[in-house]
Amino acid sequence: MWTRDQAGSGLLEKTNTPTFRANISEGRKIMAESKKDMLVMWLRDAYSMEKQAIDMLQSHAGRLENYPELKARTEQHLGQTRVQADRVQDCLSRLGADTSTIKELTARFTAGVQAVMGTTAGDEVVKNAMGDYTFEHFEISSYRCLIATAEEVGEPEIARILGQNLREEEEQAAWLADHLPQVTRQYLQKLEAAGGDTSSAKR
Ligand SMILES: [Fe+2]
Ligand SMILES: [Fe+2]
């Protein structure tokens, strides 16, 4: 069995060489680069996510006719989302990366949500609101991970910028949480008033 001195002196001999010190230094550099690569990769996913959000919110707001409060709020968040995409692009530029070859991760996520929700149904206002609420939480989780990563790689300005996006997603999720019951009740009342005809109630 090794004593502490034996182990210590052996280790000291092995580690006190220029080659070992160079390897340690190179290893740290690779780790740091790898963390930053993850930040870039996840920022690109977030950019794709926001682009997808723009398409989705545009489509949802454009179809609403009889829910003025929900329409106004959706349009307001659409405006915020365009700014959010620009902020993510700004973060990528700060890291010397761009958005030219973004993969379509979020397209698959949104397609999955839409498949579950069935957006062409006679209850689309409720299903779209549920989908939007779900999507806000996807965005919240993305920004929470991104902010932790930015802090971990020593990019406080990027963490601060992403914090603005996170706050807006949380505010939108909270608004939707408050208003989902109201939207649902309005839909049911319109449906009843129209004798079960979904054409005006559904949007
Ligand atoms: Fe967003
Ligand atoms: Fe959002």
Side-chain angles (χ1 to χ4, degrees), residues 38-64 67-95 97-119 124-153 155-184 203:
M38 292 308 295
L39 179 60
V40 168
M41 197 173 80
W42 287 338
L43 278 169
R44 289 158 81 91
D45 289 343
Y47 184 77
S48 166
M49 172 182 78
E50 294 300 353
K51 285 293 186 189
Q52 199 65 31
I54 290 169
D55 289 348
M56 191 182 70
L57 294 171
Q58 216 160 19
S59 156
H60 290 181
R63 289 178 66 81
L64 285 169
Y67 299 82
E69 200 186 355
L70 179 61
K71 186 181 176 80
R73 182 69 194 205
T74 306
E75 282 169 347
Q76 182 195 315
H77 193 56
L78 173 61
Q80 287 179 320
T81 301
R82 291 198 173 102
V83 177
Q84 290 172 353
D86 290 345
R87 286 190 193 124
V88 175
Q89 198 162 26
D90 175 38
C91 292
L92 281 163
S93 309
R94 286 166 185 272
L95 296 165
D98 61 27
T99 53
S100 58
T101 56
I102 298 280
K103 65 182 167 128
E104 292 303 318
L105 162 95
T106 319
R108 294 198 298 275
F109 176 82
T110 314
V113 170
Q114 281 173 347
V116 172
M117 299 300 176
T119 51
E124 69 172 65
V125 61
V126 176
K127 293 290 172 62
N128 285 351
M130 287 167 65
D132 291 353
Y133 184 62
T134 307
F135 199 90
E136 290 310 322
H137 287 85
F138 177 57
E139 294 185 291
I140 288 166
S141 62
S142 300
Y143 286 120
R144 285 195 187 283
C145 294
L146 270 168
I147 289 165
T149 308
E151 286 168 350
E152 178 70 19
V153 302
E155 293 285 352
E157 183 58 15
I158 288 177
R160 190 195 63 77
I161 293 168
L162 297 174
Q164 292 176 285
N165 284 12
L166 174 62
R167 267 190 301 282
E168 290 171 358
E169 312 300 15
E170 286 175 335
E171 282 166 13
Q172 182 67 3
W175 190 91
L176 285 166
D178 282 347
H179 289 78
L180 274 175
Q182 182 190 319
V183 167
T184 307
R203 65 178 84 126

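Start at 1 and go down the list; that is how both ligands and their atoms are numbered. This one's a predicted model, so the numbers in the text were calculated from it and none came from an experiment.
Among E139, E169, E170, the single residue meeting the salt bridge (charged side-chain N to carboxylate O under 4.0 Å, His left out) criterion with R144 is E170.
No hydrogens or angles considered: nothing links the side chains of H60 and E124 as a donor-acceptor pair under 3.5 Å. No hydrogens or angles considered: nothing links the side chains of H77 and E171 as a donor-acceptor pair under 3.5 Å.
The number of protein N, O or S atoms lying under 2.8 Å from the Fe ion (ligand 1) is 5.
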**Request:** Go through the steps to decide whether D90 and R94 satisfy the test salt bridge (Lys or Arg N to Asp or Glu O under 4.0 Å), and finish with yes or no.
**Result:** CA-CA 6 Å; D90 175 38; R94 286 166 185 272; 3.4 Å; yes
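Residues Y47 and Q89 form a side-chain contact, since some pair of their non-hydrogen atoms from C-beta on lies under 4.5 Å apart. Two residues are said to be in side-chain contact when any heavy atoms from C-beta on lie closer than 4.5 Å; R73 and Q172 meet this criterion.
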